[in-house]
Amino acid sequence: MYEKVETSLNFTQREKNIEKFWQENNIFQKSIDQREKNNMFTFYDGPPTANGKPHIGHVLTRVIKDMIPRFQAMKGYQTVRKAGWDTHGLPVELEVEKLLGLDGKEQIEKYGIEPFVKKCKESVWKYKGMWEEFSRTVGYWADMDDPYVTYDNKYIESVWWALKTIWEKDLLYQGHKIVPYCPRCGTPLSSHEVAQGYKDVKERSAIVRFKVKGENAYFLAWTTTPWTLPSNLALCVNPEVMYVKAKSGDYTYYLAETLASKVLGEDFSVLEKLPGKELEYKEYEPLYPFAIGKIKKKSFYVTCDDYVTTADGTGIVHMAPAFGEDDSRVCRKYDIGFVQFVDAKGCLTEETDWAGVFVKKADPLILKDLAEKGLLFDAPNFEHSYPHCWRCDTPLIYYARESWFIRMTAVREKLIRNNDKVNWIPPTIGKGRFGDWIEHVQDWGISRNRYWGTPLNIWECECGHQHSIGSIDELKAMSDNCPDNIELHRPFLDTVTIKCPKCGGKMHRVPEVIDCWFDSGAMPFAQWHYPFENKELFEKTFPADFISEAVDQTRGWFYSLIAISTLLFDKPAYKNVIVLGHVQDKNGQKMSKSKGNAVEPMEALQKHGADAIRWYFYENSAPWLPNRFHDDAVQEGQRKFLGTLWNTYAFYILYANIDKFNPSKYELDYENLPVMDKWLLSRLNSLIKSVDANLSAYRVTETAKSLQDFVDELSNWYVRRSRERFWGKDMTEDKINAYMTLYMALSTFIKLAAPMIPFITDTIYQNLVRNSYTDANESVHLCDFPTANEAYIDEELEKNMQLVLEIVSLGRAARNTANIKNRQPIGQMFVKAPFVLDAFYKAIVADELNIKNVDFKDDMEKYLAYSFKPQFKILGPKAGRQINEIKKVLASLNGHAAKEELDKNGSLKISLSGGAFTLVREDVEISVTQTEGFATETYNKVVVAIETTLTPELIEEGFVREIISKIQTMRKENGFEVTDRIKVCVDGNEKIASILKRNCTDIQKIVLADSIESGKLEGFSKEWNINGEKVILYVK
RNA sequence: GGGCCUAUAGCUCAGCUGGUUAGAGCGCACGCCUGAUAAGCGUGAGGUCAGUAGUUCAAGUCUACUUAGGCCCA
């Protein structure tokens, strides 16, 4: 016996039960252990930080990340899924600073690095519990008991190994990096911090004259930061842009052609036009002498780069390599020197005339000085948005800092090659956003001047020698003051010195820690402490078969993974990646706490249940598109899909319990099944094929849609059509067939859907399958994914049934137009379709539409008229611009005559203003327009016509159907059980009473009545209006 | 400021290499059906396919620009 099924849709409670069941019985672990060790499917989990709360977007990533491995596990692969935590980095430090009331690096150092780092370590677990509960609730299966943690000594040791390997390949070097820098706090800011502090400011910019060497002319260059002019080393033009040499007043200038009139006014004459490329390497005289002698490399000439625009300014940009990302890059490209006449406090240095003056204060002084020297062309006011420190409101400066880089430019070709091996979903990201990014890859600045992170494993000697340590053992071997239980963090490592292999001197570690993106990109090997342990395991699980994160990770994790795997192994770190769109609110706006439109994920899960939310994300739209999330949308899918599935299951259980039916006692007798059952099994097996193919190819939405369509047809066609087969008292062959077919459909379907909606499918499985078969697997998630039985797939059958559905739909429409309700039988229906159905299907149509006769007819002329339209796709290229006239002529043709001509000659002649034109059959589209006496409907190539005149016999039958329906309604309203037998009485209408009498045998049988009498008034009563006849019915 | 993505019915989304009446689901109105169903079926109202210009016999679809939103980078 099955457990009785609640028809309530209270999914959340049932999900909690399943969650508990999984936990108590280690279902997740079993799903891994039961599979063959050498048959692996690898998934890498991108680590979240547990010092931030999960938000609704994490539901999307988790449900996608969860579903694919569940599917592969059922396909027979061992699918190891290790959870991970990202624990290092500036966000953690900032959180702790806030907590401790600290502000800036000075205060941190005063507070003490050791206690600070300790706090950081605690802080990262702030929301761990919440994350775990969240993961359990959405049904995210990953090994949470033994996760990888990026701050773990073993993890760091693996990262060190990687860094040392890179160091030994000579791909790790020191250089300058331009960072947004707060001169007051003495610290660079992350882009996230910079973004918080943009403000519109009005400043004076400068257009400066740079004297061309050996030529009586000047370059006009524009800058918004005059304080960088003393550090000028080069100019830059766009090689593609046209420049002019123009005479204006006493001066001759070079500047961009399109900006000349804006800058010089109307009064100038063009002496020469030339592309920027021809200005390359032209030398000029330095504005200031400060740098002369300080630099050995050749400087003070014009460079080319396409970052220069002609949006404003002069089209010539002044370059100070210490103060701008582009400046720095271009100067490196041209091998120009480097000077930085601004100190760490943001003041100009001794070398200049304004020593100790803060940069922003120096601006007017420098402008004045240039004006006096006749080098200032103009100093226009300029309004722009400029970043300020979010802490202290000081204007930020872009400032070169000593920094460590990984030479990604050296492995660019390899990166591109490896990226080509990745299956990006959608492919456009791999080619576009990501492909372009690595096409222009820059060296990776990996050092951070902070405290809480993986320490950079480079030791430096006074003699200049540098050494990279690759393991704890190596450190201990080279050091005489390394504690036994050394923790690989600041400040503990800062005091550990090693002996210089070159000079024997003391080597100290450099102060930097590394970018935490390097940590997360190292997880393929660091999660297993490779190469110190688990060598074989790593090799088996690299590269990953599948990863998935949101689109913002393109230059984050997606990049760091492939960057590191390319550097170390020259392989991509993953084979398939689904890139997910962001979750937005109802109006397509970004969700944020400040806007108050953020959806609390736990609340949403509580309200709708995990399956409903999962389903929404699978079904709603392609995963990479932005998802608008709101309650109503989730409810829709829940009702339509989960509700329908549940009800179909409840239907089966209801009747199987009445009949004490157990599928294990029977065999499915395929050969002798009725067509309806064969159709369902064919649909089912086609579905298996398509779901398997789609999920194997990571096509999520397509899978969801096909599952949804199947449930719809299962419930609203198969079950609805087959309902009566379950009603009879005896266990007939037909009833067994129906049970077996429905059981097979349901029990197979839940396996197909299990990866997507793991809770409801297991709930159903526990009752439906485990109560049918004592030897069934413990959980649906331990089952093998179904394989299609090709012998059951009958495409012809599915095609026929499809036509039945279309005809039925048209028939209903025709009834509607004729205003004849469904209970009123109709005598005749004619159908024209591309192919003819045999008697069985016609019977379904007849029954479904309550029509006595259904016949196929090719010649429908009696009931219809034709109209003609050009078949544009074919006729368009042939007819060209005549096509509009053809359309007009066709519309005015006599349909019947034209049809006849076309049928007879195979062609149709029409006359146009330009002469006669001959159309063949393929050139025109013929459609049906009119009706006469019959109600007709048409769609695609199917036409139906129903007879609208009714005979007295048909009308009487209509009454019988009405009466039965009313009695059934009364049974239901008055709480009779399905099997109860009743007595029926009728009163108040002779016509109805006589109809009842004439048809009492049929009616009694259907409504389970022992007797039908008139006059004797017993039981529940209700007055009805049946086709205009008032009558009172009684049931008892 | 630069690159990329998105914009189609009140809402959520389809719309293949351009083909003329732009579809589906939800919601709404009316009607039908229903002894599993919180469902189902039909009809109707509801669209300047974000805007402008262009290519073409033909543009939701291709091109350019603009607007709004998003992501990444400055």
Side-chain angles (χ1 to χ4, degrees), chain A residues 5 7-9 178 180 191 194-195 306-307 309 311-312 324-326 384-385 387 398 426 428-429 432-434 436-437 440 550-556 581-582 584 586-590 616 619-622 624-630 632-633 635-640 643-644 646-655 701 705 708 712 715-717 719-720 723 726-727 808-817 819-823 848 850 869-887 927 937 965 968-969 971-973 976-979 1006-1008:
Chain A
V5 174
T7 46
S8 83
L9 298 181
I178 309 296
S191 57
V194 175
D306 54 18
Y307 97 92
T309 67
D312 37 26
E325 180 80 53
D326 291 307
H384 63 154
S385 109
Y398 286 88
T428 45
I429 293 199
R433 183 183 279 217
F434 193 77
D436 293 346
W437 158 252
H440 299 110
V551 62
D552 56 352
Q553 293 299 326
T554 313
R555 288 170 192 191
H582 282 112
Q584 302 173 334
K586 202 172 178 158
N587 305 313
Q589 302 280 312
K590 184 182 171 167
Y616 171 74
E619 192 268 344
N620 178 55
S621 68
W624 52 87
L625 295 175
N627 273 282
R628 297 188 181 189
F629 186 89
H630 54 108
D632 301 345
Q635 251 152 17
E636 189 181 321
Q638 182 181 54
R639 270 215 313 276
K640 208 173 150 43
T644 308
W646 188 258
N647 283 320
T648 310
Y649 153 69
F651 173 90
Y652 170 87
I653 298 291
L654 176 68
Y655 285 98
T701 320
K705 296 258 195 253
Q708 181 158 294
D712 182 57
S715 169
N716 293 316
W717 187 246
V719 174
R720 193 163 58 77
R723 228 172 348 189
F726 297 91
W727 289 349
V808 165
S809 169
L810 288 171
R812 288 206 187 98
R815 263 183 175 280
N816 233 314
T817 3
N819 208 9
I820 303 172
K821 60 163 102 177
N822 247 18
R823 288 203 202 91
E848 187 69 20
N850 196 16
K869 251 190 343 189
Q871 190 65 256
F872 286 94
K873 206 162 187 171
I874 293 160
L875 199 54
K878 271 197 243 175
R881 60 179 78 234
Q882 284 176 297
I883 197 153
N884 285 322
E885 200 186 346
I886 295 176
K887 183 181 169 189
S927 54
E937 289 290 332
S965 160
Q968 297 286 38
T969 307
R971 281 186 62 119
K972 196 177 181 182
E973 278 174 3
F976 290 96
E977 287 298 315
V978 179
T979 47
I1006 294 170
V1007 302
L1008 298 182

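Protein chains get the first letters and strands the later ones, always in sequence-line order, with residue 1 at the start of each.
When the P atom is compared between B:rA50 and B:rU12, the two are found 14 Å apart, to the nearest whole Å. Comparing the C1' positions of B:rG60 and B:rU52 gives an interatomic distance of 16 Å, to the nearest angstrom. B:rC41 and B:rG25: their C1' atoms are spaced 15 Å apart (whole Å). Comparing the P positions of B:rA14 and B:rU55 gives an interatomic distance of 31 Å, to the nearest angstrom. Of the P atoms belonging to B:rA7 and B:rU63, the separation is 14 Å, rounded to the nearest Å. When the C1' atom is used for both B:rG19 and B:rA64, the distance is 24 Å, rounded to whole Å. For the C1' atom pair drawn from B:rG46 and B:rG40, the interatomic distance equals 23 Å after rounding to whole Å. For the P atom pair drawn from B:rC65 and B:rG1, the interatomic distance equals 16 Å after rounding to whole Å.
Between B:rA36 and A:Y652, no contact under 4.0 Å exists linking OP1 or OP2 to a side-chain N or O. In terms of phosphate contacts, A:R723 brings a side-chain nitrogen or oxygen within less than 4.0 Å of OP1 or OP2 of B:rA36. The side chain of A:N620 contributes an N or O atom lying less than 4.0 Å from OP1 or OP2 of B:rC13.
Atom OG1 in A:T648 sits 9.5 Å away from atom CG in A:D712 (nearest 0.5 Å). Rounded to the nearest 0.5 angstrom, A:N647 CG and A:L654 CG are separated by 11.0 Å. Atom CG in A:L625 sits 9.0 Å away from atom CG in A:N620 (nearest 0.5 Å).
Note: CZ (A:F651) to C1' (B:rA36) measures 6 Å, nearest angstrom. In this structure, the CG atom of A:N716 is 6 Å from the P atom of B:rC41, given to the nearest Å. Straight-line distance from the NZ atom of A:K705 to the P atom of B:rG23: 18 Å, rounded to whole Å. Atom C1' of nucleotide B:rC13 and atom CD of A:Q708 are separated by 12 Å, given to the nearest angstrom. In this structure, CH2 of A:W717 is placed 15 Å from C1' of B:rU34, rounded to the nearest angstrom. Taking atom CD of residue A:E848 and atom P of nucleotide B:rU34, one finds them 11 Å apart after rounding to whole Å.
The shortest heavy-atom contact between A:T701 and A:A622 is OG1-CA, 3.4 Å.
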List every contact pair, protein side and nucleotides 3-9 of chain B side both N or O, where the distance is under 3.5 Å.
unit_1: B:rC4; atom_1: O2; unit_2: A:R433; atom_2: NH2; d: 3.1

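Note on ring orientation: taking the six-membered ring where Trp is involved, the planes of A:F726 and A:F651 are perpendicular (angle over 60°, cut-offs 30° and 60°).
Listed by chain and residue number, nothing satisfies the side-chain hydrogen bond (donor to acceptor under 3.5 Å, both in side chains) test with A:N850 (two or more places apart in sequence, or in another chain). When the salt bridge (charged side-chain N to carboxylate O under 4.0 Å, His left out) test is applied to A:R720, the partners found at least two apart in sequence or on another chain are A:E848. In this view, A:E619 and A:K705 satisfy the salt bridge (charged side-chain N to carboxylate O under 4.0 Å, His left out) rule, not counting sequence neighbours. Remark: A:I653 pairs with A:Y2, A:V5, A:Y649, A:N657, A:N767, A:L768 by the side-chain contact (heavy atoms from CB on, under 4.5 Å) rule, at least two apart or across chains.
Consecutive Watson-Crick or G-U pairing (both distances under 3.5 Å) extending over three or more pairs maps onto RNA chain B as B:1-7 with B:67-73, B:10-13 with B:23-26, B:28-32 with B:40-44, B:50-54 with B:62-66.
Residues A:V551 and A:D712 each lie close to RNA chain B; by heavy-atom proximity, the contact nearer the 5' end of the strand is made by A:D712. Map A:T644 and A:D326 each onto its nearest nucleotide of RNA chain B; the residue landing nearer the 5' end is A:T644.
Base contact: A:V719 has a heavy atom under 4.0 Å from a base atom.
Checked by distance alone, A:S715 brings no side-chain donor or acceptor within 3.5 Å of a matching partner on the base of B:rA39.
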